Amino acid sequence: MPQIPEKIHELTVGQLAARSGAAVSALHFYESKGLISSRRTSGNQRRFSRDTLRRVAFVRAAQRVGIPLATIREALAELPEGRTPTEEDWSRLSASWRSELDERIMQLNRLRDHLTDCIGCGCLSLETCVLSNPDDVFGQRLTGSRLLVERRESAAAGERASRGRAPRAECCD
């Protein structure tokens with residue numbers, strides 16, 4: 001990683017990319033999403049303060065554990081501008097994200113455990129399909145696969161009801 005002399009207080013986008021390991025396009029994206037900020041020179045070139053290095057590291061670490069960018073932006077908005085996120089900041093924020101990550105892990109474990117149940121079906125129309133019909137919530141309203149868009153289903157049900165017909169399966173049962 002290239003070292004940037006201490007006397008340099010602002011970085012070009014290229015220097016920031018080289019030092020942070022993030023692509024220039026990623027840095028532009030982060031800036032467009034409000035995760036980092038820059039000032040413009042008289043020649044309209046971006047200049048990032050040195051603390052942006054820590055902010056980029058913070059964003060990338062949070063992304064690696066699956067935190068959505070909107071949540072990262074909210075977390076960074078709580079920090080004073082011009083101050084790098086500290087170890088204490090990371091500890092506080094990562095603790096608040098822990099329950100969200102635990103829930104996602106549980107969901108993925110359930111999906112993995114039930115994946116083989118749906119392989120034999122083909123159309124995912126099993127009465128209790130955990131992929132397309134978790135907890136059989138759609139089985140209470142109609143039978144068949146729940147692969148169609150909800151509003152198409154609603155429109156079709158409304159049309160059938162106006163003709164006096166009962167809902168029918170959209171797929172094999």
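Model, not experiment: these values are computed from the prediction. Note that these values count all heavy atoms, side chains included, but never hydrogens, waters or copies made by symmetry.
Here R54 does not pair with D51 in a salt bridge; the nearest charged N to carboxylate O distance is not below 4.0 Å. Ion pairing between a basic and an acidic side chain is recognised when a charged N comes within 4.0 Å of a carboxylate O; E87 and R92 show no such pairing.
Residue pairs satisfying the salt bridge (Lys or Arg N to Asp or Glu O under 4.0 Å) criterion with at least one member in residues 25-45, sequence neighbours excluded, are listed as follows: E10-R39, E31-R46. For residues 53-72, the set of pairs meeting the ring pair (Phe, Tyr, Trp, His ring centres under 6.0 Å) definition, not counting sequence neighbours, comprises F58-W90. Contacts classified as salt bridge (Lys or Arg N to Asp or Glu O under 4.0 Å) and involving residues 56-74 (residues at least two apart or in different chains) are not found.
Remark: M106 CE to D102 CG distance equals 7.5 Å, nearest 0.5 Å. Here L69 contributes atom CG and Q63 contributes atom CD; the two are 5.0 Å apart, rounded to the nearest 0.5 Å.
For the side chain to side chain contact (heavy atoms under 4.5 Å, CB included) test, residues two or more places apart in sequence or in another chain that qualify with E88 are T86. Every residue was checked against the side chain to side chain contact (heavy atoms under 4.5 Å, CB included) condition with A77, not counting sequence neighbours, and none meets it. With sequence neighbours excluded, the residues forming a side chain to side chain donor-acceptor pair (under 3.5 Å) with R47 are Q45, listed by chain and number.
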* side-chain contact (heavy atoms from CB on, under 4.5 Å) evaluation trace for R55 with L76 -> CA-CA 8 Å; R55 286 181 176 259; L76 287 171; 3.8 Å; yes

* Start with the C-alpha distance between L101 and I67, add both sets of side-chain angles, then the distance that settles side-chain contact (heavy atoms from CB on, under 4.5 Å), and finish with yes or no. => CA-CA 8 Å; L101 291 173; I67 304 300; 4.1 Å; yes

* Would R19 and Q15 count as a side-chain contact (heavy atoms from CB on, under 4.5 Å) if you check the C-alpha gap in whole Å, the side-chain angles of each, and the deciding distance to 0.1 Å? -> CA-CA 6 Å; R19 185 72 177 98; Q15 289 171 320; over 6 Å; no

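Nearest heavy-atom pair, S37 versus F48, reported as atom, atom and distance to 0.1 Å: O-CD2, 3.3 Å. Annotation for I36 and L27: closest pair CD1-O, 3.6 Å, computed over non-hydrogen atoms. Closest non-hydrogen pair, V13 versus H28, comes out as CG2-NE2, 3.7 Å. The shortest non-hydrogen separation linking A23 to A17 is C-CB, 4.4 Å. The minimum heavy-atom distance between R104 and V65, with the atom names listed, is NH1-O, 4.5 Å.
For S20 (side chain) and L16 (main-chain N/O), a donor-acceptor pair under 3.5 Å exists by modelled atom type.
For the pair I72 and L93, the minimum side-chain heavy-atom distance is 4.5 Å or more.
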